[in-house]
Amino acid sequence: MTRTGKVISWVVGIIVILLIAVVIFIATFDWNRLKPTINQKVSAELNRTFAIRGNLGVDWSRQKDEAGWRAWVPWPHIHAEDIVLGNPSDVQTGEKDAQMVKLARVDASIAPLALLHKEVLIPRIWLKQPDASLLRLDNGKNNWTFNLANSDAKDPAQPPSAWSFTLNDIVFDRGQIDYKDAKLKADFRAVIDPLGKPLPFTEVVGDKKDAPKTKTPPYVFGWKVEGKYNGESLSGSGKIGGMLALKDPDALFPLQADVRSGNTRVAVAGTLQDPMNFGGLDLRLKFSGQTLSDLYGLTGVLLPQTPPYSTDGHLSATLHGKNGAIYRYQNFNGEIGDSDIHGSLTYQASKPRPKLTGDVVSKQLRFADLAPLIGADSNKDKAKRGETTRQPSDKVLPVEKFDTKSWRVMDADVKFSAKRIEHGKSLPLSDLSTHLKLTDGEILLDPLRFGVAGGNLNSTIRLEGDKSPMQARADIHARKLKLKQLLPSVQSMERSLGDLNGDATLTGTGNSVAALLGTSNGDMKILINDGVISRGLMELAGLNVGNYVVSKLFGDDEVAINCAAANVNVKNGLVTPRLFVFDTENAVINITGNTNMATERLDLSINPESKGVRILTLRSPLYVRGTYKNPDAGVKPGPLIARGAAAVALGAVVAPAAALLALISPSDNEENQCGPILQQMKEK
């Protein structure tokens, strides 16, 4: 052998010996010696305790899935036992040995050839008994946000690292997540189990034409949750896909859940799009519960107080919109109380406030289902929906306060219509339509329209919830309400050809209906022509005081009303008639006094003037006193009223009478008996 050959032989031999020595060293090295260094470095970087408390080792073996010469390259298989990750120093539970993450064992393989391309490739990680405890304090600090030690020192202009990290799959036997959140009053535990054999995804979201065209991976894990959320009991179960579905942006990640929180139940089934980047979702969504307002804690969407409800619709979302995430709840059907609802709503997480828009329709609306909107439902119903306010037994006007503070959490622009309204025979409402706008705490209902007794009731309501106390204004206009349709069950009213027309403008301050009316200021005007009144009519209407008054004035006879006119002033809740007159075929009846909406008390005098001596009961004035809840009526003691007294009173009502003439439309060709009577009052 030449000298050169000998040198080459020695070099090759030395390299082989070194390689063998390295292999022997790696194969026999006790990796547990590195644990103190690894624990210290990771703890310092994460600013929290990290420790591998069990055995740390590396095994080498060939990968059977590789082809060709790559199958001969040994892969390192790393395993570590009893791993813990602690909480940050400023987020502690006070419990001894409290940790954020505990793992009985971790196994992972690293692709060695990928390191040549500056890529750390881990095809799969096996986790044994993973246990996570997530915590958020009342001050907003949590233990899942990592403040890396060197994050502030990095230069933003520095180019990104040439190295990359890829993890393809995570497998575990049984996982557990404990979640405690002081802000949400949440304390629950979720347990996640592999399903064994993956279950195929069979849910169809929406119509068949809307069904996903992309192949959906199977369900891999099942989960259950128990505990409390927002102070209410929480329970639920469901299924989700695996890590491979999470990684593939072109695949649809399957999700199914059925969760109950207090009286609220939420069921979803569908898919997430590109879940690692929150690309979007496509779900069939069902809600049910005691009141829609309970959904705010779960969804962040502000909804009103309602009777028990249920809905079923199609929820889709674009989570990375230009102006924030957009959620669309489309083509939903459901019930609120005994009323049906249908429509589509869009919720956009925009700035400065999110906004809810859409259209909602009810084919048949039960009028009583609107009562919770203003706190007018019964105390029993209030208790069912979790409302602590109770209506006092001696009060009629609702005292439940509006939650005006929550009105500023979002804006809204929603149209609602009801094609048919069910309210028995006492109030013949035919339809309802309104356009609600909520802007920075101010609610505008314009219009708020009811079809009533062949006519219509148009109003505009403004509630300024951004002011304390709330300020409100109502403009109401009633036109062509047919008297015979107002009381369809009263036989005598079938002969009535008259209408009811009226206007009202009221302003007030306060955070309840009772407070608003008790401080209100404004005017009310009403005209009724060609009606009929009788004791029987009052009995059917359930007006015991009216029954007494009519019987004292007219006995049991039916009496035609030529015209009933009222022009009323409202000041600080005190309602005082400028003019309140009934002109009947037998008498002119003038009503004076007042009623106080702040105290709900009545103090009215009814002064009749007979048009004929045959009405012997018209001898003394009557009174109506007491409260709205318990009114009282009787005959005023004292001398008989003088004939002509009512006529003298009418001589002092020129301006009020003239103001009422505006309620008789000049375009009407029909004869209206109120016209001549009001004109006579005006001339006097």
Side-chain angles (χ1 to χ4, degrees), residues 280-281 285 287 291-306 309 311-336 339-363 365 369-370 372-374 402-419 421 431-451 456-467 470-477 511 516:
L281 52 87
L285 173 61
F287 283 121
T291 170
L292 281 172
S293 61
D294 288 345
L295 290 176
Y296 179 70
L298 291 172
T299 65
V301 180
L302 180 64
L303 295 169
Q305 297 278 12
T306 66
Y309 69 93
T311 69
D312 184 354
H314 178 207
L315 177 67
S316 62
T318 303
L319 302 178
H320 291 291
K322 183 178 180 181
N323 297 318
I326 300 176
Y327 299 84
R328 298 179 180 87
Y329 193 37
Q330 298 171 308
N331 302 322
F332 63 81
N333 299 290
E335 295 180 348
I336 296 179
S339 306
D340 64 284
I341 56 169
H342 318 271
S344 295
L345 294 169
T346 299
Y347 179 82
Q348 183 168 2
S350 54
K351 299 294 183 179
R353 292 172 300 279
K355 187 172 184 178
L356 181 70
T357 59
D359 292 272
V360 180
V361 176
S362 177
K363 296 178 181 178
L365 172 67
D369 292 333
L370 297 177
L373 295 176
I374 58 172
F402 297 107
D403 185 14
T404 55
K405 291 182 179 179
S406 65
W407 292 1
R408 305 191 71 174
V409 301
M410 77 173 207
D411 293 343
D413 188 338
V414 178
K415 294 180 180 179
F416 174 75
S417 62
K419 298 180 180 179
I421 298 179
D431 58 277
L432 163 66
S433 63
T434 187
H435 186 180
L436 181 146
K437 291 184 178 180
L438 172 60
T439 307
D440 196 16
E442 180 178 304
I443 291 179
L444 175 64
L445 295 168
D446 186 21
L448 174 57
R449 180 190 178 278
F450 288 92
N456 58 76
L457 187 69
N458 285 299
S459 57
T460 299
I461 310 293
R462 186 183 297 273
L463 304 174
E464 299 180 61
D466 55 332
K467 298 180 180 179
M470 180 176 69
Q471 297 184 11
R473 178 184 176 91
D475 293 287
I476 305 170
H477 308 281
N511 291 335
L516 288 172

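In this chain, numbering begins with 1 at the start of the sequence shown.
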Take H477 and L457 through the test side-chain contact (heavy atoms from CB on, under 4.5 Å) and record every step on the way to the result.
CA-CA 6 Å; H477 308 281; L457 187 69; over 6 Å; no
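- Between S344 and Q330, the shortest heavy-atom distance links the atoms OG-CA, 3.5 Å.
- A salt bridge is defined here as a Lys NZ or Arg NE, NH1 or NH2 lying under 4.0 Å from an Asp or Glu carboxylate O, and D340 with K363 fails to meet this definition.
- Residues D403 and S406 come closest through the heavy atom pair O-OG, 2.8 Å.
- The shortest distance between side-chain heavy atoms of F416 and S362 falls below 4.5 Å.
- Residues L295 and Y309 are in side-chain contact: their nearest non-hydrogen atoms beyond the backbone lie under 4.5 Å apart.
- Separation of atoms CZ (R408) and OG1 (T439) is listed at 11.5 Å; rounding is to 0.5 Å.
- When all heavy atoms of R328 and T346 are compared, the closest pair comes out as CG-OG1, 3.9 Å.
- For the pair L432 and L448, the minimum side-chain heavy-atom distance is below 4.5 Å.
- With rounding to the nearest 0.5 Å, the separation of OH in Y327 from OG in S316 is 11.0 Å.
- The shortest distance between side-chain heavy atoms of T404 and N511 falls below 4.5 Å.
- Proximity of F332 to L315: side-chain heavy atoms (C-beta onward) are nowhere separated by under 4.5 Å.
- Pairing each heavy atom of P304 with each of L292, the nearest pair is O-CB, 3.6 Å.
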Full working for side-chain contact (heavy atoms from CB on, under 4.5 Å) between I341 and T311:
CA-CA 8 Å; I341 56 169; T311 69; 3.8 Å; yes
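- Taking the six-membered ring where tryptophan is involved, the planes of Y329 and F287 are perpendicular, since the angle between them exceeds 60° and thus also 30°.
- For the residue pair A349 and P354, the shortest heavy atom distance occurs at CA-CB, 4.0 Å.
- For the atom pair CG of N331 and CG of D312, the computed distance is 11.0 Å after rounding to the nearest 0.5 Å.
- To the nearest 0.5 Å, atoms CZ (R462) and CG (D475) are separated by 9.5 Å.
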side-chain contact (heavy atoms from CB on, under 4.5 Å) evaluation trace for R449 with D431
CA-CA 8 Å; R449 180 190 178 278; D431 58 277; 2.7 Å; yes
Evaluate Q348 against T357 for side-chain contact (heavy atoms from CB on, under 4.5 Å), listing each step before the verdict.
CA-CA 8 Å; Q348 183 168 2; T357 59; over 6 Å; no
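- Here the closest non-hydrogen pair linking V414 and L356 is CG2-O, 3.9 Å.
- K437 and D446 are not joined by a salt bridge, as no carboxylate oxygen comes within less than 4.0 angstrom of a charged side-chain nitrogen.
- To the nearest 0.5 angstrom, I461 atom CD1 is 9.0 Å from T434 atom OG1.
- Here the CG-CG distance, from D413 to D359, works out to 9.0 Å after rounding to the nearest 0.5 Å.
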